[in-house]
Structure formats: structure tokens, C-alpha cells
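I have placed the structure first, in the form of C-alpha cells, so that the comments after it can refer back to it.
Because the structure is predicted, anything quoted here is derived from the model rather than measured.
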2 protein chains.
Amino acid sequence: MTALASAVNATPTAKPYALLTLADGGQLDIEALRRHVPVRRCKHAAGQGVYRAGQAFEALYLVHAGSYKTCELADDGREQVTGFRMRGDLIGAESIGLKNYSCDVIALEDSEAWELPYPAVLRACLQLPELQARITHALAAEVRRDRSWMLMLGTLAAERRVAAFLLDVAARYAHMGYSAKHFILRMSRIDMASFLALKHETVSRALSRLNDLSVISVQRREVRVLDVDGLRTIAGSGMAVS
Amino acid sequence: MTALASAVNATPTAKPYALLTLADGGQLDIEALRRHVPVRRCKHAAGQGVYRAGQAFEALYLVHAGSYKTCELADDGREQVTGFRMRGDLIGAESIGLKNYSCDVIALEDSEAWELPYPAVLRACLQLPELQARITHALAAEVRRDRSWMLMLGTLAAERRVAAFLLDVAARYAHMGYSAKHFILRMSRIDMASFLALKHETVSRALSRLNDLSVISVQRREVRVLDVDGLRTIAGSGMAVS
DNA sequence: AACGGTTTGTAACAGTCTGTAACAACAATC
DNA sequence: GATTGTTGTTACAGACTGTTACAAACCGTT
């Protein structure tokens, strides 16, 4: 990573954040949660897993720094990246109700997630009605987000998918207080391609074309958005992630 | 529908069913729920909506008979079928936490869903801890199911997607007590194609080819599975829907 | 039984995306 | 600083799916 790049969206300041950004921005903060649940800070090196499919389900995780990918696995080895998680995102909720985690969650860079042991969370839910609602809302939001990507994957051509993806990344960085016009992608072309149901060469070509159209400027993982409206037009009036 | 067809998987008998088939088959039955929540039976003609995106979110629904499709809509008119719902499936949970429903749910045939007013459900959750867990589990299962389809859509070619879809339909009919080897598809080719992120002609071609391979026998919406293992091989060792 | 409208099937053609391959840029290691 | 491996880019040929068009089957209605 170049010196310039590292200044764009580096490790965040320790600014406090609400639990479960995904939901509607309510008031339950991490300190209230800590009074009921023993929180352990877990650091992960790039490529290391928070958990893997099949491991015993024991905790939820809250991303504190860095970024992760969630991967679905098939018996025959097929693999699919189903999403990327950043600061404030909840991890592990998809496995609630199971004895074992149903997917892999892997750090894309050196990252940190806070471990919330599930039995403690369950007990805390009885005393903090807000927490229960928050988790339910986060799950519902996750369903909506996944479906909104299904809409995107089912109706947009390759180049438009890539454009929609960039807009989503930009919006998420903006939400975290970073620049929406200049950022570093944390995932490889292969992960991006898997998520977008494309091949990595196709993603490269699409990015190059968006670059040639002067809608963005891209060099490897560094992206500058030059024409947001142009990008929105290509993506089809953008995402409707709720 | 032919006389033969109607005998295959017609309106179900009024066999009692557990709440939220999607989850892990627990014990909370519909009678326990009725003691806390006023249940209204809602009938829908084919093509009629249970609710539409934008309508005020007021209730969850439990499919009692028939079948529905869930549709995601984009601002610019793009549309994507994101799933099909049958007896025992919960509808509306994806909109929990919102003021308005986020998608359309439309009956594929004459169907019936039981309305569970959400405020009453919320109150009931305080008295029936099982209910709260059930809804949470159903939501988590919904996330897993959607991701498992993302895996399928992202990694399988057209013909294999259709095969995987047929296996899923067969499994769901089997779960409801119908034949897994002989059933009637309730959705049009267009809905099926939308769900599988294909065009309806491609679905037609794939079905014709599976028919020519003697893996299935298909005539319009009537399907006979002749070679389950063959179908599984084509689909890539089947789905891992949990 | 005849009538439109819808749904489904088939075909030829065109287009996008993919697969392969070679190369370039970068990172990590020695 | 050279080397090795990973990641990303680009070009070209080829396969699959999408497009378009039309015909047949089915449905509900008259």
C-alpha cells in the first residue's frame, strides 16, 4: 500500500459507535452491552478466520476495525463470497439457532472483532429489551441487504454490477466517516468477482472500462470516484439497501 | 390443470403444522400462539398481493395454503423474484424494524395466509419466550437460505441452476407430505427464470434438455423426477439449505 | 365451439461473458 | 538488490446465454 493510500481509509480512530450499524441507528451503545456481556477483543491477521463453517456456534462478533468477508461453501468445493463486513457490522447472527456456524468469516486485512458469547447475549436480552430488538432488526436488515444484492445480480450486466458495488462501498465508507470519493478496496479482484458472480478478469475489464469512461480512476485497489452521477446512471439509479 | 395434476399436490389437508417450518422444527404450535395473538385468515386470489413494497408494516403472515412469491423492486422498474413461500413459511419478517414493507408478496394461485398483527406478536414474545426465539431462528434461517441461493447462482451454469431448483422444490413438497417425484410447479417460467437469474427461454431450454436426458419428464408445469441421483449430479451434490 | 390473451416451446442469430494465456506490477523473502 | 510468488491487466478465441421472432398449447370467456 502506498503512503498516500494508507492515509485514505486507514485504521479508524476509536470513535464510539452504536451497536449494529445495520439497523436503524438506535441508542443502545456498547457500554450498556458491556455491563451484561463479557466482551473479548479478538485480533485477526489477514486471511485468518473469525470462525469457519462447522465450528461450534458460541458467539456473535462485532467488527471493530478492519474488514472481513463472509464465504458460503458447498460440499463439492464451490465457494461464494456473500458479503463484506466492516466497523459496526454484526457477524455470526446467520448461525443463530444452529449448533455450528454455517459459513466462513475471514479477515481481509489485520482486523479486530469483539466477541459476544451467545449464552450471555441471550441472558442479556431478557434484561435489555432493546438488545433483543436490535438483534432482530439487524437480522431483518441482513435479509433485506442480501435480497437487494440478489436484485442487483439478477438484473444488471457485469459493468453495472461493478458500478453498483463501488457505489455501495463508497456509501459505507461515507457512513463510517471516510471519503466516498477516494478509497482503497480491501478485497482482491477474486473476492470481488465471487461476490458479484463474475470472473476476476471480467471485473478487471469492467473497472478498466469505467476508468476509460472517466467515471472513476482506478489503479489496482485505489479508487477515485470522478463522476458519481455517471456511476449512478450506469448502476441503474443505485442500490436501495435499507 | 388436468385431473391427474390436481391429484398430485392440491390444497393440503388441514393437518396441523408447527409454526415456522423454516426453523428447526420446535414445538410451539399454532394453538399456543392463538391464545396471545388475534389471528385473521386472509385469502388471496392468484396474482393478488398479501402486501406491496411501501405499504405500512403491520403484521407477519403464516402461509396456510397455496403458494406465494416474494419480489424485490428497484426504483427504475427492475424486478427480481427472491423466493417462493409455501405452507408453514413465515412472510413479512424481512420488514421487521421498518415502517413499511420492503418487498411485494404475491399469491401464485388461490392461497391463504394467517395474519399475525405485529404489535400483538411483540407483546406475545414477552410471555412466550419460545416465540421470540422462533422468530429469531426463522430470520437467521432466511439469511442462510438466501445465501445458499447466492452460492448456487454464483457458481452454477443455467442447466445446473434449474436442476438445483427442482431438487429444492421436490424437497419442500416432500417435507409437506407430498410426492417429491411428481409435482406441479406453481410458478410461471418467467418467475422461475427471474429467481434463477436467467431468461425464461433459457429455463425452457434447460428443462427440455433435462427431459431429453431422461433425468426428468416435464410437460409445462407438471414435473416427474425420473433420476434423482442424476439430477443431484447435475446440480452439484444438491443444495445445502439448512 | 370459437375467440383473444397468456404462457410455453423452438429456432437462428447476436452479444456478452468466459477461458486461456502472456505479461506487468507489486509484495515478501532471501 | 535480486528472486519468487501473488495479484492484477489485457488480448483473443470460444462458449454460453440473451435476443428476437414465431408457433403451439393452454386458459378463461363469450
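Residues passing the side-chain hydrogen bond (donor to acceptor under 3.5 Å, both in side chains) test with A/T155 are B/R78, sequence neighbours excluded. Looking at residues two or more places apart in sequence or on another chain, you find a side chain to side chain contact (heavy atoms under 4.5 Å, CB included) between A/S67 and A/M86, A/L108, A/E109, A/R186. Looking at residues two or more places apart in sequence or on another chain, you find no side chain to side chain contact (heavy atoms under 4.5 Å, CB included) involving A/D212. Applying the side-chain hydrogen bond (donor to acceptor under 3.5 Å, both in side chains) criterion to B/R147, with sequence neighbours excluded, gives A/E142, A/D146. Under the side chain to side chain contact (heavy atoms under 4.5 Å, CB included) criterion, B/A46 pairs with B/D110, not counting sequence neighbours. The ring pair (Phe, Tyr, Trp, His ring centres under 6.0 Å) check on B/Y101 picks up B/Y51, B/F57, with sequence neighbours excluded. Residues meeting the side chain to side chain contact (heavy atoms under 4.5 Å, CB included) test with A/V169, sequence neighbours left out: A/F165, A/Y173, A/F183, A/L185. For B/H44, the ring pair (Phe, Tyr, Trp, His ring centres under 6.0 Å) partners two or more places apart in sequence, or in a different chain, are B/Y68.
If you take CG of B/L196 and P of D/dT17, they are 12 Å apart, rounded to a whole angstrom. Rounded to an integer number of Å, the gap from A/L198 CG to D/dG8 P is 15 Å. Here D/dC26 presents its P atom at 13 Å from CD1 of B/I184, a figure rounded to the nearest Å. The separation between B/E159 atom CD and D/dG18 atom P is 14 Å, rounded to whole Å. Nucleotide D/dG28 holds its P atom 10 Å from the CG atom of B/D110, rounded to whole Å. Across the protein-nucleic acid pair, A/R209 atom CZ and C/dT16 atom C1' stand 12 Å apart, rounded to whole Å. Look at CG on A/L108: it is 12 Å from P on D/dT7, rounded to the nearest Å. As rounded to whole Å, 13 Å separates atom C1' of C/dT6 from atom CG of B/D191.
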Could you go through nucleotides 9-13 of chain C and list every protein N or O atom that sits under 3.5 Å from one of its N or O atoms, giving the distance for each pair?
unit_1, atom_1, unit_2, atom_2, d
C/dG9, OP1, B/R189, NH2, 3.1
C/dG9, OP2, B/R189, NE, 2.8
C/dG9, OP2, B/R189, NH2, 3.4
C/dG9, OP2, B/S204, OG, 2.8
C/dT10, OP2, B/S208, OG, 2.7

Pairs under 3.5 angstrom, nitrogen or oxygen only, protein versus nucleotides 28-30 of chain C, please.
none

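Taken to the nearest 0.5 Å, the CZ atom of B/R224 stands 15.5 Å off from the CG atom of B/D227.
A/R145 and A/D89 are not joined by a salt bridge, as no carboxylate oxygen comes within less than 4.0 angstrom of a charged side-chain nitrogen.
Checking the phosphate oxygens (OP1, OP2) of D/dT7, no side-chain nitrogen or oxygen of A/S188 falls inside 4.0 Å.
Residue pairs satisfying the salt bridge (charged side-chain N to carboxylate O under 4.0 Å, His left out) criterion with at least one member in residues 198-207 of chain A, sequence neighbours excluded, are absent.
Using five terminal pairs a side, the axes of the helix from C/dA1-D/dT30 to C/dC30-D/dG1 at its two ends make an angle of 50°, given in steps of 10 degrees.
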